[in-house]
Amino acid sequence: MKHVLVTGGAGYIGSHACKALRAAGYVPVTFDNLETGWRDAVKFGPFVQGDLLDRAALDAAFARYNPVAVMHFAALSQVGESMQDPGRYWRNNVLGSLTLVEAAVAAGCLDFVFSSTCATYGDQDNVVLDEDSAQHPINAYGASKRAIEDILRDFEAAHGLRHVIFRYFNVAGADPDGEVGEFHQPETHLVPLMLDAIAGKRDALTVYGTDYDTPDGTCIRDYVHVCDLVDAHVLGLNWLENGKGSRVFNLGTGSGFSVREVIDHSRAVTNRAVPYVDGERRPGDCTKLVSGSTRAETELGWTPTRSTLETMITDAWRWHQTGHYDT
Ligand SMILES: NC(=O)c1ccc[n+]([C@@H]2O[C@H](COP(=O)([O-])OP(=O)(O)OC[C@H]3O[C@@H](n4cnc5c(N)ncnc54)[C@H](O)[C@@H]3O)[C@@H](O)[C@H]2O)c1
């Protein structure tokens with residue numbers, strides 16, 4: 001069976017990707033330092049505990065498993081933290097990815113799938129965000145991801161590194177089988193924060209900013225179910241294996257929901273009150289991020305099936321109530 005090196009495979013999205021890869025007939029090899037991930041989330045293939053900045057550990061993993069491709073999820077990804085400590089983000093995300101890319105090229109592993117983000121586009125009011133839109137990130141996290149995209153392009157030109165870049169919008173939901181799910185400590189994502197508040201595990205959800213230029217004043221985001229998202233990654237891997245060459249794809253549904261709308265849907269799905277308070281804007285947050293592209297559907301044949309707010313919140317709520325990792 002073909003092995004795929006999955007960096008960040010112990011994290012939220014990477015663990016779901018490992019499940020999808022396994023179902024598609026690959027052996028996912030998780031390479032993760034467990035900085036924000038969980039050993040318990042590695043269920044579908046071997047585990048290598050290692051850091052992206054450790055070239056020797058990467059070389060050993062490539063030598064041992066001889067992967068046909070890399071899926072690179074490992075990163076620090078909190079916008080607010082990236083504004084307070086940008087050096088940590090540039091070192092971990094950019095230097096770490098550079099080390100990984102150099103190790104992959106040295107090992108002759110030239111198919112590479114990368115987790116980028118809509119945060120690379122920045123705050124562009126009234127602009128339809130497609131893959132050709134200008135990238136003007138307004139936080140260090142987004143800037144670090146844009147820099148990695150540049151690294152991939154340079155390594156393709158110099159060393160033939162074929163890559164698929166996925167720019168995710170907001171990822172939510174959980175594996176409907178309950179084997180893996182979202183668990184960050186600290187949590188910064190809207191849906192799990194809200195479910196914690198509903199379940200009484202935190203006082204109240206803070207709505208960061210109610211004076212944005214949107215119909216109800218709260219930020220608007222495009223939500224995609226984690227299972228749909230990782231299905232696109234398997235299609236992206238097949239795309240590279242079929243020799244179709246490097247390509248960038250947005251992964252979003254094209255529908256935007258405000259924070260208040262997500263609160264309303266959560267109230268309806270859980271049939272419980274959502275305790276929340278209105279707060280100040282957070283530095284680095286964009287007003288509206290919604291995908292304006294259907295390239296993933298038309299070119300990759302991606303068909304999201306679970307990316308309605310109802311299904312995402314239902315799946316996340318089920319995981320919230322029954323799933324957990326040992327901490
Ligand atoms: N969750 C979202 O909504 C979202 C949106 C856009 C992009 N992304 C991107 O998707 C990827 C996965 O996000 P996630 O939500 O699953 O995050 P996560 O924090 O759950 O997972 C990241 C994993 O990477 C590991 N890691 C981090 N730095 C590492 C290093 N130097 N060496 C080895 N392992 C390291 C962590 O331990 C963790 O297991 C990230 O690259 C993130 O930027 C996520």
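Both ligands and their constituent atoms are indexed starting at 1 by order of listing. The chain is numbered in sequence order, starting from 1.
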K.L.:
Restricting to salt bridge (Lys or Arg N to Asp or Glu O under 4.0 Å), what partner residues turn up for Asp211, sequence neighbours left out?
P.N.:
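With sequence neighbours excluded, Asp211 shows a salt bridge (Lys or Arg N to Asp or Glu O under 4.0 Å) to Arg281, given in chain and number order.
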
K.L.:
Just checking, is any N or O donor in the side chain of Gln135 or Thr120 under 3.5 Å from an acceptor N or O on the other one?
P.N.:
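Result is yes, a qualifying pair exists.
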
K.L.:
Collect the protein residues that have a non-hydrogen atom under 4.0 Å from ligand 1 and hand them over in chain and number order.
P.N.:
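Under the 4.0 Å cut-off, ligand 1 touches Gly8, Ala10, Gly11, Tyr12, Ile13, Asp32, Asn33, Leu34, Glu35, Thr36, Gly37, Gly50, Asp51, Leu52, Phe73, Ala74, Ala75, Ser77, Asn92, Ser115, Ser116, Thr117, Tyr141, Lys145, Tyr168, Phe169, Val171, His184, His189.
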
K.L.:
Checking side-chain polar atoms at under 3.5 Å, does Thr30 have a donor or acceptor matched by the opposite partner on Asp32?
P.N.:
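No donor-acceptor contact under 3.5 Å links the two side chains.
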
K.L.:
Whether the Tyr168 and Ser115 side chains hold a donor-acceptor pair (N or O, under 3.5 Å, no angle test) is what I'd like checked.
P.N.:
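Judged by distance alone, the side chains do pair up.
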
K.L.:
Strictly by modelled atom types, are Thr210 and Asp278 linked by a side-chain donor-acceptor pair under 3.5 Å?
P.N.:
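No - no donor-acceptor pair under 3.5 Å links their side chains.
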
K.L.:
I'd like to know if the side chain of Ser144 pairs up with that of Asn93 as donor and acceptor (distance under 3.5 Å, no hydrogens or angles considered).
P.N.:
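The answer is yes; a qualifying pair exists.
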
